[in-house]
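This report concerns only the one structure given below.
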Amino acid sequence: MDIKKDYSLQKLNTFGLKVKAQYFCEITSLQDLKDLLSSNLYRTERKLILGGGSNILFTQDFQGLLIKMGIKGIRLIDEDKDHVLVEVGAGENWHQFVLYCIDQHYAGIENLSLIPGNVGAAPIQNIGAYGVEQKEVFQQLRVLELATGNLKTFSHEQCQFGYRDSIFKSRFKDKYLILSVNYRLSKSPHFNTSYGAIKQTLEEMKVNKLSLKAVSDAVIHIRRSKLPDPAEIGNAGSFFKNPTIDQIDFEGLRAEFPGIQGYNQPDKTVKVPAGYLIEYCGWKGKTLGKIGVHKNQALVLVNYGGGSGQDLKQLALDIQKSVADTFGIILDREVTII
Ligand code: FAD
Ligand code: EPU
């Protein structure tokens, strides 16, 4: 395993930001991991783990050792008449894993098609889309504790999953390297087509018999129509989370802003689309030099090429301020800022 110096991260972050890591290595095997653990740099340097770089905003070069997690492999570890348990290397691409499952007729993550990034990062923010979150099929994960080199397993409960959240975003942030994740998938599908435009898209695609592939294709079609492709325009998906507010506050806002939508949550709060709030404040489609807010999705900040992480961070702060001033709502960031 090779540790490189002043390594460009431009192709390794989906914002396409021109930043460097002081030290960089990619781990693709357990042997690489052992070599890394015994290196001097590992002992002395500050560390950051990188997956697919699709949920991270670099505002500066990273001073320290950046470890790109590339250990792959999908292994069937248990099976009964209804389910399979698979262990997936953290370096597997998430969407390729979804396609693999569809091919094997393993059901449960077809609605999570085309989410960028790697399997190792999926539990970190409990990725979700189109009515499904990864926690619904998650069983456990294996980690290496960065400070000690010890291996450990985290159960579902220990991960404390929430909406775009887990213990790895708060108490255990940057404390562990996720090595593999176990998912329990179903042998018989329970199609979830009630969210958003899935049903309508399936009709438009003239699908008369549901299949995992058809649902996945519909989700891919919707996502392509709404979200910019990072290969064309730098972005990290939704920059903010959709906020939840108390019912009474929502009623107050609806009296003032009749266009506002809200989705009742099991805990009696109301989830409000941040995209609406940002659009209302006039940000949608705004271009500020080389960066801006996407024209189809106000939640997505973009780098048209040559923009800086500092400017994107400032844009995010300006958006947060105008949403707070207008609606009294504080938007939480989804994206990690370095
Ligand atoms: P990275 O950006 O590399 O890392 C994210 C964080 O996880 C960092 O803090 C990093 O240090 C840490 N990390 C990464 N890998 C490991 C590891 N192995 N061990 C320990 N820490 C690690 N997200 C959704 O939930 N739903 C969506 O629908 C969605 N749509 C998106 C659409 C687009 C176009 C884009 C660009 C992003 C979208 N995202 C979405 C966000 C993103 O895809 C997910 O957050 C994804 O899980 C990030 O994976 P990654 O490997 O790129 O993580
Ligand atoms: N909206 C606007 N203006 C906009 C964008 C959205 O008014 O510019 C309103 C519309 O009323 C729309 C509603 O917001 O009906 C919801 O929009 P959309 O269906 O596009 O979903 P979202 O809430 O903006 C969330 C996730 C996405 C995920 C989709 C589909 C968050 C923060 N974002 O977006 O996840 O793909 O739903 O499930 O929860 C991500 O996390 O990076 C991400 C892309």
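What you see below is based on every heavy atom in this structure, not just the backbone, and it leaves out hydrogens, waters and symmetry mates. Every number for a ligand or one of its atoms is a count from 1 in the order of the listing.
- Closest protein heavy atom to atom 20 (C) of ligand 1: Tyr176 O, 3.3 Å.
- Residue Ala129 approaches ligand 1 through these ligand atoms, each under 4.0 Å from one of its heavy atoms: 28 (O).
- Evaluation of the salt bridge (Lys or Arg N to Asp or Glu O under 4.0 Å) rule for Lys4 yields Asp2 as partners, not counting sequence neighbours.
- Applying the 4.0 Å criterion to heavy atoms of Gly117 picks out, from ligand 1, the atoms 49 (O), 50 (P), 51 (O), 52 (O).
- A perpendicular orientation is assigned to the rings of Phe97 and Trp94, their planes being inclined by more than 60° (bins at 30° and 60°).
- Between Pro116 and ligand 1, at least one pair of N/O atoms sits closer than 3.5 Å.
- Scanning the protein for heavy atoms near atom 34 (C) of ligand 1, the closest one is Asn235 OD1, 3.4 Å.
- Per-residue contacts place Leu50 under 4.0 angstrom from the following atoms of ligand 1 (heavy atoms of the residue considered): 3 (O).
- At a heavy-atom cutoff of 4.0 Å, ligand 1 is contacted by the backbone of Pro228 but not by its side chain.
- Summary of contacts: the protein heavy atom closest to atom 40 (C) of ligand 1 is Ile115 CG2, 3.8 Å.
- Heavy-atom separations between Glu133 and ligand 1 are all 4.0 Å or longer.
- For ligand 1, the atoms lying closer than 4.0 Å to a non-hydrogen atom of Arg223 are 27 (C), 28 (O), 29 (C), 30 (N), 31 (C), 32 (C).
- In plain terms, the two heavy atoms of Leu179 and Leu151 that are nearest each other are CD1-CD2, 3.5 Å.
- With hydrogens left out, the protein atom closest to atom 49 (O) of ligand 1 is Ala121 CB, 3.3 Å, a heavy atom.
- Residue contacts with ligand 1 for Trp94 are absent, since no atom lies close enough (heavy atoms, distance under 4.0 Å).
- In this structure a side-chain-to-backbone donor-acceptor pair under 3.5 Å is present from Lys47 to Tyr42.
- Looking at atom 26 (N) of ligand 1, its nearest protein heavy atom turns out to be Gly128 O, 2.7 Å.
- At a 4.0 Å heavy-atom cut-off, ligand 1 touches Ile49 through backbone and side chain alike.
- Remark: minimum distance from atom 19 (N) of ligand 1 to any protein heavy atom is reached at Ile178 N, 2.8 Å.
- Minimum interatomic distance between Val270 and Asn264 (heavy atoms only, all atoms of both residues): CG2-OD1, 3.6 Å.
- The aromatic rings of Tyr183 and Phe138 sit perpendicular, their planes meeting at an angle over 60°, well past the 30° parallel limit.
- Using a heavy-atom distance under 4.0 Å as the criterion, the protein contacts of ligand 2 are Ala129, Tyr130, Tyr163, Arg164, Tyr195, Arg223, Lys226, Gly237, Ser238, Phe240, Lys241, Asn242, Gln261, Pro273, Gly275, Tyr276, Glu279, Lys284, Gln297, Ala298, Leu299, Glu334.
- Leu33 and Phe154 fall into different hydrophobic clusters, where Ile, Leu, Val, Met, Phe, Trp and Tyr are joined by side-chain heavy atoms under 4.5 Å apart, directly or via other members.
- Residue Ala236 has no nitrogen or oxygen atom sitting less than 3.5 Å from a nitrogen or oxygen atom of ligand 1, judged on distance alone.
- At a 3.5 angstrom cut-off on N or O pairs, Gly52 counts as close to ligand 1.
- The 12-atom threshold is not exceeded at NZ of Lys18, counting heavy atoms of other residues, nucleotides or ligands nearer than 6.0 Å.
- Protein heavy atom nearest atom 47 (O) of ligand 1, with residue, atom name and distance: Ile127 CG2, 3.2 Å.
- Between the Gln297 side chain and the His294 main chain, no donor and acceptor come within less than 3.5 Å of each other.
- Near Asn118, meaning under 4.0 Å from one of its heavy atoms, ligand 1 places the atoms 49 (O), 50 (P), 51 (O).
- Residue Arg171 places its CZ atom among 12 or fewer non-hydrogen atoms of other residues, nucleotides or ligands, all under 6.0 Å distant.
- For the pair Gly51 and ligand 1, the shortest N or O to N or O distance falls below 3.5 Å.
- For ligand 1, the atoms sitting less than 4.0 Å from at least one non-hydrogen atom of Gly53 are 1 (P), 2 (O), 3 (O), 50 (P), 52 (O), numbered in the order shown with element in parentheses.
- Looking at Asn13 against ligand 1, nothing comes within 4.0 Å, counting heavy atoms.
- Connection of Phe161 to Val88 is established within a shared hydrophobic cluster, with ILVMFWY side chains joined at heavy-atom distances below 4.5 Å, either directly or through further cluster members.
- The shortest non-hydrogen separation linking Cys25 to Leu36 is SG-CD1, 3.7 Å.
- Applying the side chain to side chain donor-acceptor pair (under 3.5 Å) test to pairs two or more places apart or on separate chains, those with a residue in residues 100-124 are Ser113-Ser216.
- Of all atoms in ligand 1, numbered sequentially from 1 with element shown, those under 4.0 Å from a heavy atom of Gln125 are 23 (N), 24 (C), 25 (O), 41 (C), 44 (C), 45 (O).
- With a heavy-atom cut-off of 4.0 Å, Ser54 touches ligand 1 through backbone and side chain alike.
- Atom NZ of Lys290 has 12 or fewer neighbouring heavy atoms from other residues, nucleotides or ligands inside a 6.0 Å radius.
- Shown here for Pro189 and Ala107, the closest heavy-atom pair between the two residues is CA-CB, 3.6 Å.
- Under the side chain to side chain contact (heavy atoms under 4.5 Å, CB included) rule, Leu253 has a single partner from Leu277, Ile245, Ile248, which is Ile245.
- Nearest protein heavy-atom contact of atom 12 (C) of ligand 1 is Ile124 CD1, 3.5 Å.
- Considering backbone and side-chain N/O atoms, Asn55 comes within less than 3.5 Å of an N/O atom of ligand 1.
- Within a 6.0 Å radius of NZ in Lys213, no more than 12 heavy atoms belonging to other residues, nucleotides or ligands are found.
- The hydrophobic cluster containing Tyr7, built from Ile/Leu/Val/Met/Phe/Trp/Tyr side-chain heavy atoms closer than 4.5 Å, also comprises Leu9, Leu12, Val19, Phe24, Leu48, Leu50, Ile56, Phe58, Phe62, Leu66, Ile338.
- Taking each heavy atom of Ala90 and Met69 in turn, the nearest pair found is CB-CG, 3.7 Å.
- In this structure, Arg164 counts as a contact residue of ligand 1, since one of its heavy atoms falls inside 4.0 Å of the ligand.
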